[in-house]
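Read the structure below first, then the notes.
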Amino acid sequence: MELRDIEIFLTLAEELHFGRTAEKLYISAPRVSQSIAQQEKRIGAPLFERTSRKVTLTPLGVQLRDDLEAGYRRILKGVEDARNTAHHGPETLTFGVMGPMWQDLAPMTAVFRSRFPQVDFRLREIRIDDPFTPIRNGDIDVALLWLPVEEPDLHVGPTAFTEPIVLMVGPAHELAGRASVSLEELAAYDILPSGLPVPDYWEAAVFPTARRVTESDAPTPTREEVLWSITNDSESVAFACGQGLKYYDRGTAVYIPIDETPTLSWGMVHRTGQIGRWARELVGIATELGPIDLEFEFDPGRLHRLHLAG
């Protein structure tokens, strides 16, 4: 049985529809029928039961599917590993992160380096305004991206990092002296957007409450414009994440914990169905260690201290 025939059989066993199988494999429906007929002739018994309304596997078809599937996946994995080696060179892993986050991932990357010192472990910064292209074109093997990732061609693995979402206000704001604030209270305020050039579903992930400023005639403010508004407007409020406080705080805003302790999660992301050996190892380490947590300790109305907790 040729590898292509195995692929056709397994795809039809999954789709149970000749037309969808042909579309998925970019071949004609008669080509699917011909391949299945040849396999059934070679085996000597039907693999599928066909009616005008549905296609189902026979018991023999179920047995063949189970026997072939694991071996077929191993073949694909071997070919993909060889492709990765040819593309990246031997023993290479390219890990994508945003900005300075690589510093906070030291527990995970240190384990990888200690286990696989022969691997050329490369870091590539991901631009926040174009986070997916480097993964799709193969420049990055696996990346840490904030969740959710709603891209059908990308696979989301384990959560590797979490950070708190807090409220950011100016020193003259009426909430500035509070030790904490609840989401119920914040429903009375208009929340400025993050100011980051990110997908809408990422923007929504930073908002623990749905109420926010929506001015259809006004352009979306940049991050610097949001920070300026917070500092200079006694009524403006916004949400901020741990990474922003740690690396981009200007020292002019006040950060207040939220009672419900909302968090933003980051996950290990790679192309669907395509992951090389070393990317799998790094994803496995992320699973093994569990999420790295960025935690804060606050003085009332002011950021006091932050640390990582594994």
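Treat the numbers as computed from the prediction; the structure is a model and nothing was measured. Start at 1 with the first residue, then count along the sequence.
- In this structure, the separation between OH on Tyr72 and CG on Leu3 is 5.5 Å, given to the nearest 0.5 Å.
- How far CD of Glu40 is from CZ of Phe48: 7.5 Å, rounded to the nearest 0.5 Å.
- For Glu49, there are no salt bridge (Lys or Arg N to Asp or Glu O under 4.0 Å) partners at least two apart in sequence or on another chain.
- Defined by atom type and a distance below 3.5 Å, a donor-acceptor pair is missing between the side-chain atoms of Thr272 and Asp153.
- Checked for salt-bridge contact, Arg178 and Asp259 miss the test: no charged N lies under 4.0 Å from a carboxylate O.
- To the nearest 0.5 angstrom, Leu16 atom CG is 10.0 Å from Lys54 atom NZ.
- Checking Thr11 against Glu14 by side-chain atom types alone, no donor-acceptor pair falls below 3.5 Å.
- Here the closest non-hydrogen pair linking Ala238 and Ile191 is CA-CG2, 4.0 Å.
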Test salt bridge (charged side-chain N to carboxylate O under 4.0 Å, His left out) applied to Arg122 and Asp120, step by step: CA-CA 6 Å; Arg122 302 173 182 176; Asp120 182 8; 2.8 Å; yes
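- Ring planes of Phe112 and Trp278: perpendicular class, angle over 60° (limits at 30 and 60°).
- When the shell of 6.0 Å around CZ of Arg74 is examined, it contains 12 or fewer heavy atoms from other residues, nucleotides or ligands.
- Rounded to the nearest 0.5 angstrom, Arg124 CZ and Ile135 CD1 are separated by 10.5 Å.
- Taking a cutoff of 4.0 Å between a charged side-chain nitrogen and a carboxylate oxygen, Arg115 and Glu288 qualify as a salt bridge.
- Judged purely by distance below 3.5 Å, without hydrogens or angles, the side chains of Glu163 and Trp146 never pair a donor atom with an acceptor atom.
- The CD atom of Glu185 sits 7.0 Å away from the CG atom of Leu175 when rounded to the nearest 0.5 Å.
- Taking CG from Asn137 and CZ from Phe132, the interatomic distance works out to 13.5 Å, rounded to the nearest 0.5 Å.
- Ring orientation note: the planes of His270 and His155 are tilted relative to one another, at an angle of 30° to 60°.
- Between the side chains of Glu125 and Trp102, not a single donor N or O lies within less than 3.5 Å of an accepting N or O.
- We find that Glu23 and Arg20 are not joined by a salt bridge, their nearest charged nitrogen and carboxylate oxygen being 4.0 Å or further apart.
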